[in-house]
There are 2 protein chains.
Amino acid sequence: MVPVDPDIASVAALIADNSRALILKTLCDGRPSTGSALAAEAGIGASTASAHLAKLVDARLVTVVRAGRTRRYRLARPEVAAALEALAALAAPLPVRSLRQSTRVAALRRSRTCYDHLAGDLGVRLMRALLDRGHLTGGDGLHHPDRAVLDRESAPGTDIHYELTPSGATALTALGVQIPTTRRPLVRYCVDWTERRHHLAGALGAAITTRLHTLDWIRHGSTPRVIHLTPAGRVHLPDCLGVTLD
Amino acid sequence: MVPVDPDIASVAALIADNSRALILKTLCDGRPSTGSALAAEAGIGASTASAHLAKLVDARLVTVVRAGRTRRYRLARPEVAAALEALAALAAPLPVRSLRQSTRVAALRRSRTCYDHLAGDLGVRLMRALLDRGHLTGGDGLHHPDRAVLDRESAPGTDIHYELTPSGATALTALGVQIPTTRRPLVRYCVDWTERRHHLAGALGAAITTRLHTLDWIRHGSTPRVIHLTPAGRVHLPDCLGVTLD
DNA sequence: AGGACACTTCGCCGGGCAACGAAGTTTCCG
DNA sequence: CGGAAACTTCGTTGCCCGGCGAAGTGTCCT
């Protein structure tokens with residue numbers, strides 16, 4: 001009758017609006033974005049977007065920093081992305097409507113960023129390559145789709161476990177990847193809706209992604225979250241890390 | 001502009017309604033419930049509850065099995081509970097309004113079930129006792145509140161790790177706990193909003209909870225999710241497992 | 001049978017909220 | 001110092017959806 005405990009409903013209501021969901025999903029990219037860009041992305045007017053963003057900021061899901069006459073919006077904390085992923089796990093896949101959409105979906109399926117690391121087919125291939133070369137260990141062969149779904153069900157706090165091996169450390173260092181020493185867990189996994197397999201998350205996943213960007217082996221696409229493999233990346237990724245490509 | 005990817009917004013919309021959120025939270029209990037009980041719990045009429053439940057079932061968040069003239073509703077899959085927890089992590093704590101509410105909140109704070117295992121103060125004490133007696137190992141002392149918040153942020157897929165020790169296995173077996181051999185992870189942890197500490201989840205957490213029920217050391221309260229410690233439990237829990245009580 | 005019970009269906013009412021456009025505010029640039 | 005760009009504020013409009021009660025359907029109990 002009256003709300004009790006944490007007020008789940010009102011948080012959910014923030015995500016329940018399609019425009020706000022699009023905004024949040026866009027921000028999952030990890031990169032900050034401006035109000036007008038988000039408005040364009042959601043296909044709504046500037047004033048409407050402003051109202052939405054005000055609500056999101058007010059609820060502490062999103063933060064703003066003012067940079068002159070523009071403002072940069074970001075996700076406030078990792079939990080927000082986690083909640084979005086959890087909801088996505090519940091959502092039934094939506095039928096594709098337009099061609100433009102289907103190409104975009106296809107691009108997302110190929111490779112995209114998930115908060116701050118690589119996901120999609122490319123992310124999964126990278127993970128598999130690291131396992132195959134012995135750069136990563138553990139997981140009990142859980143890279144397979146069926147099991148991936150299983151342990152997705154047991155999240156959060158699952159005891160499935162990957163670790164970076166010495167060979168992996170040297171290989172990545174040779175590539176110029178800064179092995180992080182932060183408090184943030186080094187190796188995590190993440191299961192996504194397109195591939196239903198693990199890909200590399202955590203501090204290491206983010207570090208590798210950053211490095212691939214500076215090497216210009218991958219590049220952000222025109223639409224948010226989409227990642228393109230550059231010709232250089234197409235050459236060097238199989239060479240240096242053993243990633244298989246089509 | 002148009003929905004893309006999984007339709008997060010519509011799933012969120014299902015949770016965005018306060019009555020439905022109450023229903024889902026009640027079902028988080030783990031026990032099935034009837035339509036009228038859920039209606040009463042949410043403080044709405046039977047017809048309204050019926051409409052809500054129809055939507056939840058239609059969206060595959062909840063399942064029904066007909067048992068004669070009554071129907072038993074359950075959460076359809078663990079992901080639903082996970083999504084609710086993820087949203088709760090985002091929700092700001094709500095100010096308590098009525099006295100009735102505050103007593104119920106206090107009861108929840110003391111001890112409750114979280115999906116299928118013990119949470120609240122009792123759940124945390126149990127976890128601590130298991131650690132203190134060496135029945136559980138690992139976690140790097142992460143049972144402390146500050147760190148618990150930290151790794152909650154890094155969920156899901158965190159690499160924090162607890163394990164059942166041989167001494168724990170014998171002690172629990174002696175108590176009559178069936179050590180599970182299912183695929184489900186044996187030991188998981190779970191951080192909750194009241195205590196901000198770990199408590200024991202996973203197959204083992206569920207098994208222990210079941211056993212305590214059959215021993216009649218704990219009992220379901222009148223309101224959903226609330227657990228009461230029986231006099232027998234108050235005597236034997238400190239004795240057998242080293243749980244400290246006030 | 002018949003009556004109580006559990007739940008669903010239907011129609012109606014009312015509130016909340018997203019969307020827009022126009023006008024105001026702040027900041028940057030030439 | 002203007003004028004443009006980036007957001008915000010405000011007032012309006014229209015729709016969606018939760019709530020109820022009354023009537024309908026199926027099931028169990030005696």
Side-chain angles (χ1 to χ4, degrees), chain A residues 1-4 7-27 31-59 61-74 76 224, chain B residues 1-4 7-27 31-59 61-74 94 224:
Chain A
M1 169 159 135
V2 243
V4 76
D7 190 4
I8 291 187
S10 58
V11 187
L14 285 172
I15 313 178
D17 179 74
N18 216 300
S19 303
R20 279 193 299 260
L22 277 173
I23 288 175
L24 288 171
K25 235 183 272 180
T26 303
L27 291 177
R31 292 180 294 175
S33 194
T34 70
S36 36
L38 292 170
E41 182 62 27
I44 52 179
S47 62
T48 311
S50 175
H52 284 317
L53 287 166
K55 288 187 181 180
L56 292 175
V57 169
D58 191 60
L61 297 193
V62 162
T63 58
V64 215
V65 342
R66 304 193 35 166
R69 64 180 161 181
T70 184
R71 311 187 177 194
R72 324 187 119 257
Y73 292 91
R74 294 172 171 281
Chain B
M1 168 168 138
V2 244
V4 76
D7 190 3
I8 291 186
S10 58
V11 187
L14 285 172
I15 313 177
D17 178 74
N18 216 300
S19 303
R20 279 193 299 260
L22 277 173
I23 289 174
L24 288 171
K25 234 183 273 179
T26 303
L27 290 177
R31 293 180 295 173
S33 195
T34 71
S36 37
L38 292 169
E41 182 61 27
I44 53 180
S47 61
T48 312
S50 175
H52 283 317
L53 287 167
K55 288 186 182 182
L56 292 175
V57 169
D58 191 60
L61 297 193
V62 163
T63 58
V64 215
V65 343
R66 304 193 37 167
R69 65 180 163 184
T70 183
R71 309 185 179 196
R72 323 187 120 257
Y73 293 91
R74 293 174 172 279
L94 200 77

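Every chain is numbered from 1 and lettered A, B, ... according to where its sequence line falls, protein lines coming before strand lines. Just so it is clear, the structure is predicted and the values come from calculations on it, not from any experiment.
The shortest distance between the side-chain N/O atoms of B/T70 and the OP1/OP2 oxygens of D/dT27 is not below 4.0 Å. For C/dT9, neither phosphate oxygen OP1 nor OP2 lies less than 4.0 angstrom from any side-chain nitrogen or oxygen of B/S50.
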Begin with the C-alpha distance, continue with both residues' side-chain angles, and end with the deciding distance and a verdict on side-chain contact (heavy atoms from CB on, under 4.5 Å) for A/T34 and A/L38. CA-CA 6 Å; A/T34 70; A/L38 292 170; over 6 Å; no
Decide yes or no on side-chain contact (heavy atoms from CB on, under 4.5 Å) for A/L53 and A/V64, but give the supporting numbers first. CA-CA 9 Å; A/L53 287 166; A/V64 215; over 6 Å; no
Show your working on side-chain contact (heavy atoms from CB on, under 4.5 Å) between A/V57 and A/Y73 and close with a plain yes or no. CA-CA 9 Å; A/V57 169; A/Y73 292 91; 4.1 Å; yes
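The backbone N or O of B/V65 sits nowhere less than 3.5 Å from a side-chain atom of B/R74 that would complete a donor-acceptor pair. Here the side chain of A/T26 pairs a donor or acceptor atom with the backbone of A/L22 at under 3.5 angstrom.
In this structure, A/I23 atom CD1 and D/dC7 atom P are separated by 12 Å, rounded to whole Å. For B/L53 and C/dC7, the CG to C1' distance is 10 Å, given to the nearest whole Å. One atom, CG of A/D58, and another, P of D/dC7, lie 19 Å apart when rounded to the nearest Å.
In terms of heavy-atom proximity, A/A49 sits nearest to A/G35 at CB-O, 4.4 Å. Minimum heavy-atom separation, A/S10 to A/D7: OG-OD2, 2.9 Å. Nearest heavy atoms, A/A39 versus A/A46: CB-CA, 4.3 Å.
Comparing the axis of the opening five pairs of the helix from C/dA1-D/dT30 to C/dG30-D/dC1 with that of the closing five pairs yields an angle of 30°, rounded to 10°.
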Go along nucleotides 15-30 of chain C 5' to 3' and tag each nucleotide: B for a protein heavy atom under 4.0 Å from its base, S when only backbone or sugar atoms are that close, - otherwise. ---SSBBB---SBS--
